[in-house]
Amino acid sequence: MTPWLPTLITSTPQEGYDLAVKLSRVAIKMTQPDADIREKLRPEYAENFAALIGSSQIVATHFATVAAANGYWREIS
C-alpha cells in the first residue's frame with residue numbers, strides 16, 4: 001500500500017478531527033478492501049445503533065491520539 005499518512009500533526013482541532021475520521025475510514029478499507037462487499041454490508045450497520053456508537057468510539061480514540069500528537073493544540077511558551 002502506498003504511504004498515505006505522512007504525519008499526525010494538524011494545524012487545528014478541526015483538522016485533527018477530520019484526520020481521526022479518515023484514520024477510521026482507512027482502517028475499514030484496509031480490513032475489507034473489496035468496495036462491493038463494503039457496500040453490501042453497509043445496510044446491516046447503517047441502522048444499527050450499537051454499530052454507529054462503536055464507530056463514534058473508534059473516531060474518538062483516533063482523535064485522542066491525534067490530539068496528543070499535537071500537544072492538544074496548546075502553544076508551549
Side-chain angles (χ1 to χ4, degrees):
M1 182 173 184
T2 304
W4 62 272
L5 182 62
T7 185
L8 292 177
I9 304 305
T10 63
S11 297
T12 66
Q14 179 64 53
E15 288 178 12
Y17 190 82
D18 293 344
L19 177 57
V21 171
K22 183 174 182 173
L23 290 168
S24 299
R25 294 182 68 148
V26 169
I28 295 299
K29 288 180 182 178
M30 291 178 80
T31 303
Q32 178 46 263
D34 188 314
D36 290 335
I37 292 175
R38 288 193 311 270
E39 272 304 309
K40 183 178 176 183
L41 294 173
R42 182 167 285 145
E44 291 182 34
Y45 67 80
E47 295 182 23
N48 179 323
F49 75 91
L52 296 172
I53 290 170
S55 296
S56 292
Q57 290 171 328
I58 297 302
V59 171
T61 299
H62 287 311
F63 184 64
T65 301
V66 172
N70 285 279
Y72 302 95
W73 296 278
R74 285 185 272 197
E75 288 193 30
I76 299 171
S77 40

| query | So, for Gln32 and Arg38, which heavy atoms are closest and what is the spacing to 0.1 Å? | reply | O-NH1, 2.7 Å
| task | Applying side-chain contact (heavy atoms from CB on, under 4.5 Å), run through Leu23 and Thr65 and close with a yes or a no. | result | CA-CA 11 Å; Leu23 290 168; Thr65 301; over 6 Å; no
| task | Tell me whether Met30 is reachable from Val21 by hopping between hydrophobic residues (I, L, V, M, F, W, Y) whose side-chain heavy atoms are closer than 4.5 Å. | result | yes
| task | Assess whether side-chain contact (heavy atoms from CB on, under 4.5 Å) is satisfied between Lys22 and His62, documenting all intermediate values. | result | CA-CA 9 Å; Lys22 183 174 182 173; His62 287 311; over 6 Å; no
| Does a donor on one side chain sit under 3.5 Å from an acceptor on the other, for Asn48 and Glu44? | no
| Quick one: OG1 on Thr61 to CD on Gln57, what's the gap to the nearest 0.5 Å? | 7.5 Å
| task | Taking all non-hydrogen atoms of both residues into account, name the closest pair between Asn70 and Thr10 and its distance. | result | OD1-N, 2.8 Å
| query | From Ile37 CD1 over to Arg42 CZ, what is the distance, rounded to the nearest 0.5 angstrom? | reply | 13.5 Å
| remark: In terms of heavy-atom contacts, Ile58 and Ser24 come closest through CG2-OG, 3.6 Å
| query | Among the clusters formed by ILVMFWY side chains lying less than 4.5 Å apart, do Val66 and Trp4 turn up in the same one? | reply | yes
| field | For Ala69 against Leu8, the heavy-atom pair lying closest together | value | CB-CB, 3.8 Å
| field | CA sep, side-chain torsions, deciding dist, call: Trp73, Tyr17, ring pair (Phe, Tyr, Trp, His ring centres under 6.0 Å) | value | CA-CA 12 Å; Trp73 296 278; Tyr17 190 82; over 10 Å; no
| task | Spell out, yes or no, whether Phe49 and Leu41 are grouped together once hydrophobic residues are joined by side-chain heavy atoms under 4.5 Å, including indirect joins. | result | no
| query | Quick one: CD on Glu15 to CG on Asp18, what's the gap to the nearest 0.5 Å? | reply | 7.5 Å
| note | In terms of heavy-atom contacts, Leu52 and Ala46 come closest through CD1-O, 3.5 Å
